[in-house]
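Quick note on labels: first sequence line is chain A, next is B, and so on, each numbered from 1.
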Amino acid sequence: MAAGDKYIVRVKMPRNEEVKFEDIIRGWVCVNTNNLDDKVLFKSDGMPTYHLANVVDDYLMNISHVIRGEEWLPSAPLHVLLYRFFGWADEMPQFAHLPLILRPDGNGKLSKRDGDRLGFPVFPTNWKNPETGEQSSGYRERGYYPGAFNNMLAFLGWNPGTTQELFSMEELIQAFSLERVGKAGAKFDFDKTNWFNQQYLRMYTGIELATQLMPYLEAESLEAENEYTAQVCDLMKERATFVKDILKEGRYFFEAPTSYDEKTIKKKWKEQTPAIITELSGLLKELPSFDPESIGACFKSFLEAKELGFGAVMPGFRLSVTGLGAGASMNNIAALLGKEEVLKRIEVALNTIKK
RNA sequence: GGUCCGUUCGUCUAGGGGUUAGGACUCAUGGUUUUCAUCCAUGCAACAGGGGUUCGAUUCCCCUACGGACUACCA
């Protein structure tokens, strides 16, 4: 050392001594020091290892609880010993070793590789490894709400003991306790994560959702009045898991259909359909008020007058206006689009769809 | 290999010496809906195995099996 040689500092582990500590989640954990080795405390570059740094930092910061993953459990006895050796045993924080999050397929700790392989994110936000340049996708960018993500995460290993599953951050803070955290690892469930997001989405108003949808509209150069978009969102939110689904499922609200669903044409666009739709169009044109109720009433009286069933008219009507075979109530859709637009679309459809 | 931790429906889990073992997600079926979705109802489905303790174990104890974590001058 005097000659300037590199050196490290290790802890001198006592022989054959039981180290015991109480973990909040696991209860008493007991390890014999014979199974522990003389861990390095200072590396040859003069920097402390995690084991030393963690204990010193936490002591200096008056940390009350050390809450970390189960992978730290094997080195916890070393940390307990360190507190003792430094004379800090009385001020040692409480330990809680959380169960691991397991991969959805098979077993084993969830890793970022699993996400790439199985097609779901493992990080809260997009992340680029500064060393390797490797990209990992995040929940936020995929359209998950922070609240939904937290809610899902909290329920991986913890539960309130009631049947309530939806918790705001404030409720979570109130209800959460380490004592109710389970010991076993939990597999990540993608379906359940989506369900949480769907539940959160539905709690927003149409106006709030419209604001959230704006960036997606802009990205595709689609324009719409905020008030209009809000109404679209109100109508569509029951069928969406992510905000972007509203655009995906309801693109026809923002631009006329450019194509018509082949399957629906094949099954529902009969020989007499063009004539029927033309006649319906004529009636809609005369409607003094183009609101959902009036449109519905008009539609119904048309069916009665012509002695037609819903199935003979509605699919063609929907296909002409939206280009799709299924979706929200046509009365609402038509009313939202407005008479002029609806009539125009029908005209285009009649000229475009060939049987 | 060694040490430590774990094991209730496919998944997340509640429960806890005597229960029809409860809920949620998924899936299936039925109802509502012009359609799809939603919503409602119903259904499928679990205490890893073996020993104890006990009048009685899924619950307590032990063993086995299986799974996981750790075993770096990483964290």
Side-chain angles (χ1 to χ4, degrees), chain A residues 6-10 19 23 25-54 68-78 97-110 151-166 180-196 198-199 201-202 235-241 245-246 249-250 261 264 267-268 296 299-300 303 308-319 322 324-331 333:
Chain A
K6 294 270 188 191
Y7 66 93
I8 55 169
V9 178
R10 289 177 184 273
V19 184
D23 186 280
I25 293 170
R26 278 148 223 289
W28 286 100
V29 178
C30 194
V31 178
N32 190 292
T33 53
N34 288 346
N35 297 313
L36 268 24
D37 59 354
D38 295 346
K39 279 274 182 258
V40 172
L41 260 25
F42 277 104
K43 301 184 270 186
S44 59
D45 64 2
M47 295 296 284
T49 58
Y50 168 84
H51 300 298
L52 207 218
N54 133 273
R68 66 217 325 185
E70 191 187 338
E71 69 265 34
W72 290 106
L73 200 49
S75 50
L78 167 69
H97 289 92
L98 267 16
L100 263 20
I101 297 174
L102 276 19
R103 10 191 288 224
D105 65 328
N107 291 303
K109 185 159 74 157
L110 182 68
N151 205 150
M152 173 279 291
L153 213 48
F155 269 72
L156 246 31
W158 173 84
N159 80 85
T162 67
T163 55
Q164 184 182 352
E165 296 207 80
L166 266 14
R180 286 202 65 86
V181 174
K183 303 188 218 304
K187 276 187 195 174
F188 171 83
D189 187 341
F190 197 46
D191 286 328
K192 192 89 176 234
T193 307
N194 289 340
W195 178 80
F196 271 113
Q198 183 188 28
Q199 299 303 310
L201 182 140
R202 294 161 63 156
L235 193 57
M236 297 298 286
K237 71 182 202 181
E238 294 292 295
R239 55 224 313 133
T241 298
D245 291 347
I246 294 172
E249 307 289 324
D261 184 62
T264 310
K267 284 178 72 176
K268 307 288 184 181
F299 193 88
K300 212 173 155 196
L303 292 186
L308 288 167
F310 269 106
V313 188
M314 188 58 85
F317 182 35
R318 180 183 296 283
L319 186 68
T322 71
L324 302 173
S329 154
M330 269 314 286
N331 297 341
I333 293 173

| Separation of the P atoms in B/U26 and B/U19, to the nearest angstrom | 32 Å
| message | Please report the distance separating the C1' of B/G43 from the corresponding atom of B/U35, rounded so that it comes out in whole Å. | response | 26 Å
| query | Which part of the nucleic acid, if any, lies within reach of A/Leu41 when heavy atoms closer than 4.0 Å are counted: base, sugar-phosphate only, or nothing? | reply | nothing
| query | Can you tell me how far C1' in B/C47 sits from the matching atom in B/A41, rounded to whole Å? | reply | 28 Å
| Counting only side-chain N and O atoms of A/Lys187, is one of them less than 4.0 Å from OP1 or OP2 of B/G10? | no
| message | If you compare every side-chain N and O of A/Asn159 against the phosphate oxygens of B/A14 (OP1, OP2), does one of them come in below 4.0 Å? | response | yes
| query | Given atom CD1 of A/Ile101 and atom P of B/U11, what is their separation to the nearest angstrom? | reply | 17 Å
| query | Taking the side chain of A/Asp191 as its heavy atoms from C-beta onward, which of B/C73, B/G6, B/U26 lies nearest to it? | reply | B/U26
| said: Under 4.0 Å, heavy atoms only, any strand: does A/Gly157 hit a base, just the sugar-phosphate, or nothing? | reply: sugar-phosphate
| Atom pair distance, as rounded to whole Å: CZ in A/Arg26 and C1' in B/G68 | 11 Å
| task | Using a heavy-atom cut-off of under 4.0 Å over every strand shown, decide if A/Ile8 touches base, sugar-phosphate, or nothing. | result | base
| remark: Checking N1-N3 plus N6-O4 or O6-N4 for Watson-Crick, or N1-O2 and O6-N3 for wobble, each under 3.5 Å, the partner of B/C73 is none
| Looking across every strand, which nucleic acid part, if any, lies under 4.0 Å from A/Ala76 by heavy atom: base, sugar-phosphate, or nothing? | nothing
| Can you find a donor-acceptor pair, distance only, under 3.5 Å between A/Lys192 side chain and B/A24 base? | yes
